[in-house]
Amino acid sequence: MMLRKIPGSFYARDTRKVARNLLGKILSCKTSEGIAKGRIVETEAYCGDKDPAAHAYRGKTPRSKIMWGRAGVAYVYFVYGMHHMLNVVTEREGTPGSVFIRALKPIEGIRLMKQRRKTQDAKTLTNSPAKLTQALGITMQDNGVDLESGHLWIEEGRKEKFDIVSTGRVGIKAGKKLQLRFYIKGDEHMSRI
DNA sequence: TATTGGATCGCC
DNA sequence: GCGATCCAATAG
């Protein structure tokens, strides 16, 4: 079922608000292999040139300059020689920011996800940032894709109430104290507690 | 041009 | 706990 696609204007706001508001929405990716979708259960905000953990902190570089660009496009980067990380660019053009997608609950295309992840274990298909990009087939090819018009997009989720927990971000050195990680309280698809 | 280490994962 | 395995960023 295709629910309403989130418009580009949704992302052109305060990064923390976008990070919180993306919880419960459905990340979707269509490739020649099929469609895969998951409910976003965990995000992190990377606020730009005042946030020491953000790629934008030291100014524009070839990789990070996309964070100053138009909101609502994918920022994908490659780390540790093997993993792809997915962000969505936020804020108005000229102000850097992005929301890092950390975990999903598999919703559609689970067979395809298992194939890509080379596991039958449904619990570990998309419960961390590198796993979800692998499960959805997201690679550097998707860097810069417009989420309003491309094959990668985010839809409204089902209306349901949940509490949001905020904590320090995972796996970074600088900016550890900032409470910029958000997740759906009690969700079992978390990357970690 | 060389070096360092990373918004990680999975196996030891 | 540690190796995998690439490349962006920074220093020289």
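A quick note: this is a predicted structure, and the numbers were derived from the prediction, not measured. Numbered from 1 within each chain, the chains take letters A, B, ... in sequence-line order.
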Using the rule given for salt bridge (charged side-chain N to carboxylate O under 4.0 Å, His left out), can you reason through A:Glu160 versus A:Arg39, listing the C-alpha separation, both sets of side-chain angles and the distance that settles it, and then say yes or no? CA-CA 12 Å; A:Glu160 49 189 293; A:Arg39 181 173 188 252; 3.6 Å; yes

Sub-3.5 Å pairs of nitrogen or oxygen atoms, protein against nucleotides 1-4 of chain B:
none

Positions of residues 128-147 of chain A (non-hydrogen atom under 4.0 Å from DNA chain B), listed by number: A:Ser128, A:Pro129, A:Ala130, A:Lys131

For DNA chain B, consecutive-pair runs of 3 or more (Watson-Crick or G-U wobble, both H-bond-type distances under 3.5 Å) give B:1-6 with C:6-11, B:8-11 with C:1-4

Between A:Lys123 and A:Asn127, does any side-chain donor sit less than 3.5 Å from a side-chain acceptor?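 No donor-acceptor contact under 3.5 Å links the two side chains.
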
State, without any angle test, whether A:Arg116 and A:Gln134 hold a side-chain donor-acceptor pair at a distance under 3.5 Å. no

Taken in chain and number order and not counting sequence neighbours, the residues that satisfy ring pair (Phe, Tyr, Trp, His ring centres under 6.0 Å) with A:Tyr77 are A:His55, A:Tyr75

Nearest heavy atom decides the nucleotide; on that basis, is A:Lys173 or A:Asn127 closer to the 5' end of DNA chain B?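 Final value for this comparison: A:Lys173.
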
Quick tally for nucleotides 1-12 of chain C: nucleotides whose base has a protein heavy atom under 4.0 Å get B, sugar-phosphate-only ones S, the rest -, giving ---BBB-SSS--

Within the structure, does a side-chain N or O atom of A:Arg117 lie under 4.0 Å from either OP1 or OP2 of B:dC9?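 It does not, given that no N or O in the side chain of A:Arg117 lies less than 4.0 Å from OP1 or OP2 of B:dC9.
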
Can you list, pair by pair, the side-chain donor-acceptor contacts under 3.5 Å of residues 23-30 of chain A, counting residues two or more places apart and other chains?
residue: A:Lys25; atom: NZ; partner: A:Asn21; partner atom: O; Å: 3.1
residue: A:Ser28; atom: OG; partner: A:Glu155; partner atom: OE2; Å: 3.4

By the 4.0 Å heavy-atom rule, please label A:Arg192 as base, sugar-phosphate, or nothing. nothing

